[in-house]
Amino acid sequence: MLTTRFVDGAPNWIDVTTSDIDGARSFYGTLFGWQFRSAGPDAGGYGFFQLDGRTVAGGAPAGPEQGPPAWTVYFQSEDAQATAKAAELAHGRVLFQPMDVMGQGHMAVLADQAGVPFGIWQPGRTKGVDAANEPGALCWVELYTPDIAAAAAFYHQVLGLETSAVPFPGGTYTCVNPADGGDDTMFGGIVPLADAPSEAEGGPYWLPYFEVEDTDAVVDKAQQLGGQVRMPATTMEGVGRMAKFTDPYGARFAVIRSESPQG
């Protein structure tokens, strides 16, 4: 599961780039109870979404040249430069070269072999988000991709990630965990786009899930706030009750009330 005991290869940061940062602040603040704190006058509008004083995500304004609004998942790396090089060798791309972030750490934005953007965070003074796997915080991530085997090979080569097949009603789910972590460190899954036609629009991507206490209430509230429901509240036995959305500006995310949420 996701925790704040970060290890290499596991998600340790997440942020949203949006065409309307003030609107996103209002949307997510009302939906999840987040407060927004600016990172300062030199941060280009970047700031931190916080829950009870703990940072759970970042957010930043973005112009059209930076692509559509989207959530970006960052994975821990002990060496951002080496990870960026590994991505290129594995037929990925470097979208934003590794850079120091005001002494807090080093970040880069890469793209996998299918063109899916993802981030790298090499911890400095900031290790990562302050909360995970509890209501209002990141709890799971999914990669929607046209080729599971190719994606698994890429992320294994670049981040050391391991995959395993887990049976569930109606099929098999490909779970992901850090190297040598085993089942207890699973933090996400890989889903073929062919099995999820509704996900194919806009191409492959990483989808973040946030833990919530009441999925149905979040669905109602998101719609009232101008969000769009991409998958209505659905229960999966042994997993939980989940729903998928786009926020009012087009960024895709999901929520789940896990059957056994970990605090």
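Computed from a predicted model, the values in this text were never measured in an experiment.
- Hydrophobic cluster membership is shared by Met242 and Val166, with clusters built from Ile, Leu, Val, Met, Phe, Trp and Tyr side chains linked at under 4.5 angstrom.
- With sequence neighbours excluded, the residues forming a side chain to side chain contact (heavy atoms under 4.5 Å, CB included) with Ala217 are Asp214, listed by chain and number.
- Judged purely by atom type and a 3.5 angstrom limit, Thr126 has no side-chain atom pairing as donor or acceptor with the backbone of Gly128.
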Steps toward ring-ring contact (aromatic ring centres under 6.0 Å, His included) verdict (Phe210, Phe32): CA-CA 9 Å; Phe210 299 97; Phe32 294 138; 5.4 Å; yes
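- Judged by distance alone, with hydrogens and angles left aside, the side-chain atoms of Glu162 form a donor-acceptor pair with the main-chain N or O of Asp180 at under 3.5 Å.
- The structure places CG of Leu110 at 13.0 Å from NZ of Lys85, a figure rounded to the nearest 0.5 Å.
- Heavy atoms from other residues, nucleotides or ligands lying under 6.0 Å from CD of Glu88 number more than 12.
- When the shell of 6.0 Å around CD of Gln35 is examined, it contains more than 12 heavy atoms from other residues, nucleotides or ligands.
- Remark: Arg252 is not positioned above the aromatic ring of Phe245, lacking an NZ or CZ atom under 6.0 angstrom from the ring centre and at most 45 degrees off the axis.
- Within the 4.5 Å cutoff, no side-chain heavy atoms of Pro135 are placed close to those of Val212.
- When all heavy atoms are compared, the tightest approach of Phe6 to Lys127 is CD1-O, 3.7 Å.
- At least one side-chain heavy atom of Val191 sits less than 4.5 Å from a side-chain heavy atom of Tyr173.
- Judged as a salt bridge (Lys or Arg N to Asp or Glu O under 4.0 Å), and not counting sequence neighbours, Arg93 has no contacts.
- For an aromatic pair to be called close, the ring centres must be under 6.0 Å apart, and Trp206 with Phe75 satisfies this.
- The nearest pair of heavy atoms linking Trp34 to Leu51 is CD1-CD1, 4.1 Å.
- Salt bridge absent: Arg25 and Asp20 never bring a charged side-chain N and a carboxylate O closer than 4.0 Å.
- Closest approach of Gly160 to Ala179, counting heavy atoms only: O-CB, 3.3 Å.
- Residues meeting the side chain to side chain contact (heavy atoms under 4.5 Å, CB included) test with Thr234, sequence neighbours left out: Met231.
- The closest donor-acceptor contact from the side chain of Gln76 to the backbone of Gly9 lies at 3.5 Å or more, if one exists at all.
- In this structure, the separation between OG1 on Thr185 and CG on Leu2 is 10.0 Å, given to the nearest 0.5 Å.
- The closest side-chain heavy-atom distance from Thr163 to Cys175 is not below 4.5 Å.
- Here Trp13 contributes atom CH2 and Met107 contributes atom CE; the two are 11.0 Å apart, rounded to the nearest 0.5 Å.
- The aromatic ring centres of Tyr28 and Trp71 sit less than 6.0 Å apart.
- No side-chain N or O of Arg257 forms a donor-acceptor pair with one of Thr215 less than 3.5 Å apart.
- The backbone N or O of Met99 lies less than 3.5 Å from no partner atom in the side chain of His106, so there is not a single donor-acceptor pair.
- Inter-residue side-chain proximity for Glu134 and Arg54 is flagged as met; some heavy-atom pair is nearer than 4.5 Å.
- In this structure the side chain of Pro204 reaches within 4.5 angstrom of the side chain of Pro146, judged on heavy atoms.
- Pairing each heavy atom of Ala90 with each of Val158, the nearest pair is CB-CG2, 3.9 Å.
- In the model, Tyr205 has no side-chain atom that pairs as donor or acceptor with a side-chain atom of Glu142 under 3.5 Å.
- Looking at Cys139 and Ile256, their side chains come closer than 4.5 Å, going by heavy atoms from C-beta outward.
- Between Gln113 atom CD and Tyr155 atom OH the span is 7.0 Å, to the nearest 0.5 Å.
- Between the side chains of Gln50 and Thr55, a donor-acceptor pair is found at a separation under 3.5 Å.
- Taking OH from Tyr74 and CD1 from Ile14, the interatomic distance works out to 9.5 Å, rounded to the nearest 0.5 Å.
- Contact of the Phe187 side chain with the Leu161 side chain is registered, since non-hydrogen atoms from C-beta on lie closer than 4.5 Å.
- Aromatic pair Tyr209/Phe253: centroids not less than 6.0 angstrom apart.
- With rounding to the nearest 0.5 Å, the separation of OH in Tyr249 from CD1 in Ile21 is 9.5 Å.
- No continuous path of ILVMFWY side-chain contacts below 4.5 Å connects Val116 to Leu193, so the two sit in separate hydrophobic clusters.
- Counted within 6.0 Å of CD on Gln223, heavy atoms from surrounding residues, nucleotides or ligands total more than 12; the atom is thus considered enclosed.
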CA sep, side-chain torsions, deciding dist, call: Val101, Trp121, side chain to side chain contact (heavy atoms under 4.5 Å, CB included): CA-CA 10 Å; Val101 184; Trp121 181 253; 3.8 Å; yes
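- Residues Ala222 and Leu31 share a closest heavy-atom pair of N-CD1, 3.7 Å.
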Test log, rule side chain to side chain contact (heavy atoms under 4.5 Å, CB included), inputs Val255 and Val218: CA-CA 8 Å; Val255 302; Val218 171; 4.1 Å; yes
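- Of all heavy-atom pairs spanning Leu138 and Pro208, the tightest one is CD1-CB, 3.7 Å.
- The cluster map of Ile, Leu, Val, Met, Phe, Trp and Tyr, joined by side-chain heavy atoms under 4.5 Å apart, puts Leu159 and Phe154 in the same cluster.
- Two different hydrophobic clusters hold Val16 and Tyr46 under the rule that ILVMFWY side chains link at heavy-atom gaps under 4.5 Å.
- By the criterion of side-chain heavy atoms lying less than 4.5 angstrom apart, applied directly or through intervening Ile, Leu, Val, Met, Phe, Trp or Tyr residues, Met186 is not grouped with Leu143; the two fall into different hydrophobic clusters.
- Proximity of Val141 to Val73: side-chain heavy atoms (C-beta onward) are separated by under 4.5 Å at one or more points.
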